[in-house]
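Chain A is the first sequence line, chain B the second, and so forth, proteins listed ahead of strands; every chain is numbered from 1. What you are looking at is a predicted structure, and each value in this text was computed from that prediction instead of being measured.
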2 protein chains.
Amino acid sequence: MKTTEAPGTRDRLIGAMFDSLQRKGLHGVGLSEILHDAQAPKGVMYHHFPGGKADLAVAAIEAGAAQIKASLLQVIEAHADPADALKIWWGHAHKRLERSGFERGCPLAAISLESTPDDIALRDALAQAFGAFRELVADLLAGAGIGAKRSTQLAALIVSAYEGSLIQARVAGSAKPVNDTVEMLLGLLRIELANAKESRA
Amino acid sequence: MKTTEAPGTRDRLIGAMFDSLQRKGLHGVGLSEILHDAQAPKGVMYHHFPGGKADLAVAAIEAGAAQIKASLLQVIEAHADPADALKIWWGHAHKRLERSGFERGCPLAAISLESTPDDIALRDALAQAFGAFRELVADLLAGAGIGAKRSTQLAALIVSAYEGSLIQARVAGSAKPVNDTVEMLLGLLRIELANAKESRA
DNA sequence: GAATCTATAGACCGGTCGGTCCAGTTGTCA
DNA sequence: TGACAACTGGACCGACCGGTCTATAGATTC
């Protein structure tokens, strides 16, 4: 929210945490590694994030959510057909994963699975992020003429498929699970979109 | 594979690790916690798993994969309609998550996202598990008359949706993401199955 | 230019981490 | 019954964990 915050150490810390979440999750990295990546000493981190590691993670999740949202909005604006937009955007994630040697996946997924019900702030931030994500997709579909309820459900399926396909590709060291998932899903989506268009005509 | 292995400490260790993987992932738990759960001292674990924590994790993944496979086969046998079978089986996972206060998800997903490309054995075991899982579903669909390629893709989508929906439900503390995902997916699946039946007639 | 606040810097801490080592116990088979 | 392997039990280790603390440097304000 505080967009006027001076860029610098704080953002470098968030960036380094974001990076680590993509690669190994929250418990997979030590503070020392994050601090090293961000070129920052310890004190400065507890200055900006008094709550420590978890606090920084929440900030990184929020930054990640904002970034995902922005990039999705961008492809939506560039492609009139929702199916095309989703395909492009999915391709981005897929290429990032592949180019990194199957190291970099979704920054939200790993920490989601490491979190316990006690991690209130963490799960809150994550739930909000995924919720916003689903809503964005649902709005896209509703805008293409699909009914509200069906758009919501379809959006849930799309986001689920997105996360799940990245998990599988990651461990397989192969893009095939993503490609198979996307091809089938987009095929079904196009039928859905065609039906929506027809029933409006 | 060694099914004649005497039950006892070794299995208790695997069980405890399996449990932890569901709840917090690999790095989220210390050996001491696992050892405490399994009521076993340290030495015994390095006797059965010379490779340490990672070694035990691989064994737990293999055990988990076998368990998932068995339970899926069971519901498949009990329900002639593939869509019904998947619905029941998804319901099991969903209930386990809910009953545990959104603590217990898929035992494979968390460690998948924590793993790095260097964790060869780990990713191998995981890739094999997910692959077997997809294959099982694909066979089920092919058996219902859906073409081979389409069955493969649809299976990838189903497994992806399964994993992704559990992630979202977990952080949301709500079953809604799972319900939405399943309802939409099974609706599409039923159409697919009807088409397959028709084109065979 | 003293006071104050924000930010940087890193030494330091107790605790826990994964892992090693070896001394006992138990089971098995000659 | 003696030998030997499989297994159990836990003390012990150095490394690293997340976190605290104090010192100081720059900026801002009166």
Side-chain angles (χ1 to χ4, degrees), chain A residues 1-21 23-61 110-111 114-116 118-122, chain B residues 1-21 23-61 110-111 114-116 118-122:
Chain A
M1 297 303 147
K2 302 174 189 170
T3 53
T4 5
E5 195 91 10
T9 312
R10 190 173 187 276
D11 289 334
R12 285 205 315 278
L13 283 167
I14 290 177
M17 174 57 97
F18 179 90
D19 228 66
S20 298
L21 290 183
R23 293 185 291 112
K24 318 189 211 171
L26 180 62
H27 297 305
V29 260
L31 279 187
S32 55
E33 184 177 336
I34 290 171
L35 260 13
H36 175 263
D37 286 358
Q39 300 257 62
K42 231 170 204 178
V44 83
M45 133 146 207
Y46 282 87
H47 171 72
H48 291 292
F49 305 97
K53 203 186 185 185
D55 213 352
L56 173 55
V58 169
I61 288 166
I111 191 171
E114 291 176 292
S115 73
T116 70
D118 303 332
D119 303 324
I120 313 274
L122 222 49
Chain B
M1 297 302 151
K2 301 175 192 173
T3 52
T4 6
E5 195 90 14
T9 313
R10 190 173 187 276
D11 289 334
R12 286 206 314 279
L13 283 166
I14 291 178
M17 174 58 97
F18 180 89
D19 227 67
S20 297
L21 290 183
R23 294 185 291 112
K24 317 189 210 171
L26 180 62
H27 297 304
V29 259
L31 279 188
S32 56
E33 184 178 337
I34 289 171
L35 261 12
H36 175 263
D37 286 357
Q39 299 258 63
K42 246 188 190 160
V44 86
M45 132 147 207
Y46 282 88
H47 170 73
H48 291 292
F49 305 97
K53 202 184 186 186
D55 214 352
L56 173 56
V58 169
I61 289 165
I111 191 172
E114 291 176 292
S115 74
T116 71
D118 304 333
D119 303 324
I120 314 275
L122 221 51

> How many whole angstroms separate atom CZ of A:R10 from atom P of C:dT6?
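Answer to the nearest Å: 14 Å.
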> Can you figure out which of D:dT8, C:dT6, D:dG10 approaches the side chain of A:H47 most closely?
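The answer is C:dT6, which lies nearest to the side chain.
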> Looking only at side-chain atoms of A:P41, point me to the closest of C:dT8, D:dT20, D:dC7.
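Ranking C:dT8, D:dT20, D:dC7 by closest atom to the A:P41 side chain puts C:dT8 first.
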> If I take atom NE2 in residue A:H36 and atom P in nucleotide D:dC17, what distance separates them, rounded to the nearest angstrom?
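A:H36 atom NE2 is separated from D:dC17 atom P by 13 Å.
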> What is the separation between atom OH on A:Y46 and atom P on D:dT22, rounded to the nearest whole Å?
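Rounding to the nearest Å, OH of A:Y46 and P of D:dT22 are 17 Å apart.
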> Expressed in angstrom and rounded to an integer, what is the separation of A:L31 atom CG from D:dT20 atom P?
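Taking CG of A:L31 and P of D:dT20, I get 11 Å after rounding.
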> Run the side-chain contact (heavy atoms from CB on, under 4.5 Å) check on A:K24 and A:E33 step by step: do they pass?
CA-CA 12 Å; A:K24 318 189 211 171; A:E33 184 177 336; 3.2 Å; yes
> Heavy-atom nearest nucleotide on DNA chain D for A:L26 versus B:V44: which residue maps closer to 5'?
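Here B:V44 is the residue nearer the 5' end.
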> Please check: side-chain N/O of A:K53 versus main-chain N/O of A:L26, any donor-acceptor pairing under 3.5 Å?
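Side chain of A:K53 to backbone of A:L26, a donor-acceptor pair under 3.5 Å: yes, one is there.
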> Any sub-3.5 Å donor-acceptor pair from A:E114's side-chain atoms to A:H27's backbone N or O?
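Confirmed, A:E114 side chain pairs with A:H27 backbone.
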> Does D:dG18 have OP1 or OP2 sitting under 4.0 Å from an N or O in the side chain of A:S32?
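Indeed not, no polar side-chain atom of A:S32 lies that close.
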> Nearest-Å distance, CG (B:D11) to P (D:dT8)?
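Checked: the CG to P distance equals 11 Å.
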> Under 4.0 Å from OP1 or OP2 of D:dC7: is there any side-chain N or O of B:T9 that close?
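Answer is no, no contact under 4.0 Å.
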> Using a heavy-atom cut-off of 4.0 Å across all strands, would you classify A:G43 as base, sugar-phosphate, or nothing?
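The residue A:G43 makes base contact.
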> Give me the atom names and distance for the closest heavy-atom approach of B:A57 to B:L21.
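The answer is O-CD1, 4.5 Å.
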> Rounded to whole Å, please give me the gap between CD in A:E33 and C1' in D:dG18.
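Between C1' of D:dG18 and CD of A:E33: 15 Å.
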> Mind checking if B:K53 touches a base, just sugar-phosphate, or nothing, with heavy atoms under 4.0 Å?
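Sugar-phosphate contact only - B:K53 comes under 4.0 Å of backbone atoms but never of a base.
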> Working note: A:D37 + A:V29, criterion side-chain contact (heavy atoms from CB on, under 4.5 Å); need CA distance, chi angles, decisive distance, verdict.
CA-CA 11 Å; A:D37 286 358; A:V29 260; over 6 Å; no
> Using whole Å, report how far CZ of A:F49 lies from P of C:dT6.
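That distance rounds to 16 Å.
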> Provide, to the nearest angstrom, the distance between the CG atom belonging to A:D119 and the P atom belonging to D:dG18.
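Spelled out: CG on A:D119 to P on D:dG18 is 15 Å.
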> What nucleotide, of D:dT20, C:dT8, C:dG19, holds the atom closest to the side chain of B:K42?
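Of D:dT20, C:dT8, C:dG19, C:dG19 is nearest to the side chain of B:K42.
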